[in-house]
Amino acid sequence: MNKPLAPYNLLLVMCGSLNPITIAHLRLFFDAKAAFSHQYSVIKGILSPVNDAYRSFKFGKPVLIDGHHRVNMCRAATEDIDWITVDTFEMEQDHYVRTYEYLCHLTDEYPLAEWDIRFVCGVDLLSTFKPEIWNNCVNIINEFGFVAFERKGYPTVEEVVEENPILRKNSHHILTATSPCSNSISSTVVRDLVRRNDSPRFLVADRVLDYINNNQLYIE
């Protein structure tokens, strides 16, 4: 299940709220790069914060701050990481961009003839990979793929794949990774700490913390 397909350039893609980006998000990139560097000649990472329209799609989710703040924090977090970039394509659209639409967009710059494009996620998210939850899920796994991280307290990636006919049929498009240190750092934890006037230092990059404080984010 961990044998990559040709071509041998790997593009690691992380989408989502990134509200804010934490060191756990960054750690997934580094752990994935370490796990598969011997299989690919070039590895790049892309962060793509979700469009603001996700608020209304996700039942009026009020905690999602404006996209320009989330983009700026992603840029601050990756300022010194030359192989991870921040893509504003989702933010520039007038609608909530689904995963398949975004992955297809990436093929303009990263053609599938040269790049193996993989969506980075935890096994908990992989377990939701069903047509009633994911749009175009068959196309996503047929044309692209996943780097799925094991998580303590959840079924293994192999178990999730075996129980899902769509994933099982395309198991060669799923790379399994394990982080050397498990943690429960999340954007929710960071926001809650800020609201309590407590510091989330060491949970986010220092530049991200400075941005949060300077812009008085998450205080309400």
Side-chain angles (χ1 to χ4, degrees), residues 10-37 43-52 54-55 58 61-88 90-91 118-128 146-157 175-220:
L10 176 62
L11 184 65
L12 302 168
V13 181
M14 185 177 295
C15 304
S17 299
L18 300 168
N19 186 38
I21 184 172
T22 71
I23 61 169
H25 292 120
L26 297 176
R27 192 66 246 171
L28 291 181
F29 276 118
F30 279 85
D31 290 341
K33 186 177 183 181
F36 306 116
S37 59
I43 296 180
K44 291 185 178 181
I46 286 186
L47 286 163
S48 180
V50 73
N51 188 285
D52 287 344
Y54 185 65
R55 289 193 191 101
K58 197 67 174 180
K61 194 172 185 179
V63 297
L64 187 67
I65 62 170
D66 288 346
H68 75 278
H69 286 308
R70 292 180 286 115
V71 167
N72 288 341
M73 286 188 286
C74 286
R75 286 174 171 162
T78 58
E79 185 174 323
D80 298 327
I81 308 173
D82 60 5
W83 59 278
I84 300 177
T85 60
V86 181
D87 189 1
T88 60
E90 288 195 57
M91 296 304 312
R118 305 267 179 163
F119 188 93
V120 179
C121 68
V123 66
D124 51 326
L125 184 59
L126 186 69
S127 67
T128 70
F146 288 93
V147 170
F149 278 82
E150 306 281 13
R151 290 194 65 181
K152 186 177 180 180
Y154 290 88
T156 66
V157 172
L175 297 174
T176 302
T178 303
S179 179
C181 56
S182 60
N183 62 67
S184 57
I185 296 173
S186 69
S187 299
T188 301
V189 169
V190 172
R191 295 194 303 267
D192 288 345
L193 285 171
V194 174
R195 287 193 191 96
R196 298 201 303 264
N197 200 29
D198 200 351
S199 175
R201 191 178 182 190
F202 307 119
L203 304 185
V204 296
D206 287 344
R207 290 191 183 96
V208 173
L209 180 56
D210 290 341
Y211 189 92
I212 291 172
N213 291 335
N214 291 339
N215 291 274
Q216 297 185 306
L217 303 179
Y218 307 122
I219 59 177
E220 296 179 358

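Computed from a predicted model, the values in this text were never measured in an experiment. Position 1 is the first residue of the sequence, and the numbers go up from there.
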Worksheet entry | Test item: His25 and Val204 side chains (from C-beta on) under 4.5 Å apart, heavy atoms | no
Discussion item. Could you check whether any side-chain heavy atom of His68 comes within less than 4.5 Å of a side-chain heavy atom of Val71, counting everything from C-beta outward?
Written reply: no
Fill in: Residue pair Asp31 / Ser179, side-chain donor-acceptor N/O under 3.5 Å
yes
Practice prompt. Quick one: pull up OG1 in Thr22 and CG in Leu28 and give me the separation to the nearest 0.5 Å.
Written response: 8.0 Å
Worksheet item: Can you tell me if Thr178 and Glu150 form a side-chain donor-acceptor pair at under 3.5 Å?
Response: no
Discussion item. If the test is side chain to side chain contact (heavy atoms under 4.5 Å, CB included), which one of Ile21, Leu217, Leu64 qualifies with Arg70?
Written reply: Leu64
Practice prompt. Find the distance between OG (Ser48) and CE (Met91) and round it off to the nearest 0.5 Å.
Written response: 9.0 Å
Response to the item:
Here the gap from Asn51 atom CG to Glu90 atom CD, rounded to the nearest 0.5 Å, amounts to 7.5 Å
Practice prompt. Report the distance from atom CD1 of Ile43 to atom CD1 of Ile84, rounding to the nearest 0.5 Å.
Written response: 11.0 Å
Discussion item. I want to check something: taking the side chain as every heavy atom from C-beta on, are Arg118 and Leu175 in contact at a cut-off of under 4.5 Å?
Written reply: yes
Fill in: From CD1 (Ile23) to CG (Asp206), nearest 0.5 Å
10.0 Å
Worksheet item: Do you know the tightest heavy-atom contact between Tyr54 and Ser17?
Response: CE2-OG, 3.9 Å
Item to complete: Go through Ile212 and Val194 one step at a time and tell me if the side-chain contact (heavy atoms from CB on, under 4.5 Å) criterion holds.
Response: CA-CA 9 Å; Ile212 291 172; Val194 174; 4.2 Å; yes
Discussion item. A side-chain contact here means heavy atoms from C-beta on lying under 4.5 Å apart; do Val86 and Thr78 qualify?
Written reply: yes
Worksheet entry | Pairwise side-chain contact, Cys15 with Val13, heavy-atom cut-off 4.5 Å (strictly under) | yes
Worksheet item: Can you name the closest pair of heavy atoms from Phe149 and Val147 and give their distance?
Response: CE1-CG1, 3.9 Å
Worksheet item: Within a reach of under 6.0 Å around CG of Asp198, are more than 12 heavy atoms found that belong to other residues, nucleotides or ligands?
Response: yes
Worksheet item: Leu209 versus Pro200: any side-chain heavy-atom pair under 4.5 Å?
Response: yes
Discussion item. What I want to check is whether the side chains of Asp192 and Tyr218 have a donor and an acceptor closer together than 3.5 Å.
Written reply: no
Worksheet item: Is the shortest side-chain N to carboxylate O distance from Lys44 to Asp82 below 4.0 Å?
Response: no
Worksheet item: Distance from Phe119 atom CZ to Ile46 atom CD1, nearest 0.5 Å?
Response: 12.5 Å
